[in-house]
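Reading through the C-alpha cells given below for one structure.
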Amino acid sequence: MKALERCGYRISCWLSRPRPWHRPQSATVGEVWSCLLPGDVLLIEGSSRLSTVIKYLTQSSWSHAALFVGPEAALRAGGYPGTAFVEADLAEGVRLVGYDEFSGYPLRICRPVGLADNDIQQLIEHATQRVGHRYDLRNIFDLARYLMPLPPVPVPWRRGMLALGSGDPTRAICSTLLAEAFQFINYPILPIEEWLRDEKRCAECRRRVFRRRHFSLFTPRDFDLSPYFQIIKPGLGAGFDPHRLHWASSDGESEVV
C-alpha cells in the first residue's frame with residue numbers, strides 16, 4: 001500500500017509540474033495582491049499537464065481556484081508567515097500557500113457581494129478546517145464523464161449516473177473545496193432556478209426558488225461565469241487613464257496619445 005501511495009504521489013507531482021513555456025500574467029503581482037480581500041476567489045490559468053486537461057474539459061482558460069483568507073487567518077490555521085490562500089493541490093492535498101505560488105500566471109479575482117464580516121469568517125473557517133485533506137482524483141474522472149459522456153447521455157440524466165467523487169469527506173479538488181464553503185454560508189454560485197406556484201399569495205402567483213448543485217460538479221470557470229461574483233480588474237482600480245498610454249507609431253517610435 002505504501003509503495004502504491006508513493007507511486008501515486010510521483011504521478012501527481014508529474015501531472016502538476018508547471019511547464020516552462022507558459023505566458024506570464026498581464027497585471028503586475030503588486031496590482032493583483034493589493035486588490036485582494038478575504039473571501040475573494042482567485043482563478044489561475046495553470047500550465048501543468050492536469051491544468052491542460054481541465055481547461056480542455058471545461059472549455060475555459062481557468063484550471064485552478066484558490067480562496068484568499070488573508071495572512072492572519074492563515075497563521076491561525078497553522079500556516080507559516082507569508083501564507084494567505086487555501087487551495088487543493090494534486091500532490092499535497094488541501095494546503096495553505098503564499099502569494100509566490102501563483103506569481104507569473106494569468107489570474108482573475110472573483111469577489112462575492114453582500115456578505116457580512118460574520119459570513120466571511122464562517123467561509124474562511126470552513127475552508128481552513130479542510131487543510132490536510134487529500135486531493136480527490138476520482139472527482140476529476142467523474143467531471144470528465146459529466147462534461148464529455150461516452151456514450152452520449154442527455155444532460156438531465158448525467159448527474160444521476162455520477163459517483164460524485166470518492167465519497168470520502170477528507171478528499172477534495174480545488175473548485176469543490178470552494179463551492180462547498182460558499183454553499184455552507186448559503187451563497188450562490190450557479191444555482192438551479194425554479195419558479196413554483198405560491199398559492200398563499202394568489203392562484204396565479206409564482207416565486208423563484210434556488211436549488212443547490214452538488215458541490216462536486218463545480219469547476220473553476222463557474223466562479224467566472226457566476227452572476228453573483230464581481231470580477232475585479234487590478235489595472236482599473238488605481239484610476240486607469242487611457243490618455244496616458246504610450247502607443248507605438250507606424251515608424252516604430254513611441255508616441256503619447
Exercise. Does D40 reach the side chain of C110, with side-chain heavy atoms less than 4.5 Å apart?
Worked result: no

Exercise. Any side-chain heavy atom of R212 within less than 4.5 Å of one from F210?
Worked result: no

Problem set entry | Atom pair CG (L178) and CZ (F215), whose distance is rounded to the nearest 0.5 Å | 12.5 Å

Exercise. Can you tell me if E180 and H126 form a side-chain donor-acceptor pair at under 3.5 Å?
Worked result: no

Problem set entry | Hydrophobic cluster identity match, I120 and V131, side-chain contacts under 4.5 Å | yes

Exercise. Which heavy atom of L177 sits nearest a heavy atom of A88, and at what distance?
Worked result: CD2-N, 4.2 Å

Exercise. Do NZ/NE/NH1/NH2 and the carboxylate oxygens of R95 and E101 come within less than 4.0 Å?
Worked result: yes

Problem set entry | Euclidean distance, K233 NZ relative to C35 SG, rounded to 0.5 Å | 11.5 Å

Problem set entry | Nearest-0.5 Å distance, CG of residue L42 to CG of residue L107 | 5.0 Å

For this session: State plainly whether one hydrophobic cluster holds both F85 and I232, where clusters connect Ile, Leu, Val, Met, Phe, Trp and Tyr through side-chain heavy atoms under 4.5 angstrom apart.
Result: yes

Problem set entry | Check: F229 ring centroid to F182 ring centroid under 6.0 Å | yes

Exercise. With a 4.5 Å heavy-atom cut-off, do V97 and T83 have their side chains touching?
Worked result: no

For this session: Locate the shortest heavy-atom distance separating F218 from T176; write the atom from each residue and the value.
Result: O-CG2, 4.3 Å

Exercise. Does any non-hydrogen side-chain atom of F240 lie less than 4.5 Å from one of L245?
Worked result: yes

For this session: For Q129 and E125, test the side chains for any donor-to-acceptor distance below 3.5 angstrom and give the result as yes or no.
Result: no

Problem set entry | Shortest non-hydrogen separation from L96 to Y80 and the atoms involved | O-CE2, 4.4 Å

Exercise. Relative to the ring of Y99, is the ring of F68 parallel (under 30°), tilted (30 to 60°) or perpendicular (over 60°)?
Worked result: tilted

Exercise. What is the minimum heavy-atom distance between E194 and R211, and which atoms define it?
Worked result: OE1-NE, 2.7 Å

Problem set entry | Inter-residue atom distance L123.CG - L67.CG, 0.5 Å rounding | 5.0 Å

For this session: Report yes or no: does Y187 contribute a side-chain atom to a donor-acceptor pair with the main-chain N or O of L115 at less than 3.5 Å?
Result: no

For this session: May I ask you to check whether over 12 heavy atoms, not counting those of D241, lie within 6.0 Å of atom CG?
Result: yes

Exercise. Under a 4.5 Å cut-off applied to non-hydrogen side-chain atoms, are I231 and I109 in contact?
Worked result: no

Exercise. What's the spacing between L217 CG and S175 OG if we round to 0.5 Å?
Worked result: 9.5 Å

Exercise. Is it the case that one hydrophobic cluster holds both L190 and F184, taking links as side-chain heavy atoms less than 4.5 Å apart, direct or via other members?
Worked result: yes

For this session: Could you tell me whether the side chain of S226 and the main chain of I189 form a donor-acceptor pair under 3.5 Å?
Result: yes

Seminar exercise, completed: Between P71 and A84 the two heavy atoms that sit nearest each other are N-CB, 4.0 Å

For this session: Decide yes or no for E87 and F102: does some side-chain heavy atom of the first lie under 4.5 Å from some side-chain heavy atom of the second?
Result: yes

For this session: Taking Q183 for its side chain and R213 for its backbone only, find out whether a donor-acceptor pair lies under 3.5 Å.
Result: yes

Problem set entry | Close side-chain approach of W62 to D224, heavy-atom, < 4.5 Å | yes

Exercise. Which pair of non-hydrogen atoms, one from I124 and one from P38, has the smallest distance, and what is that distance?
Worked result: CD1-CB, 3.9 Å

Exercise. Rounded to the nearest 0.5 Å, how far does CZ of R206 lie from SG of C202?
Worked result: 8.5 Å

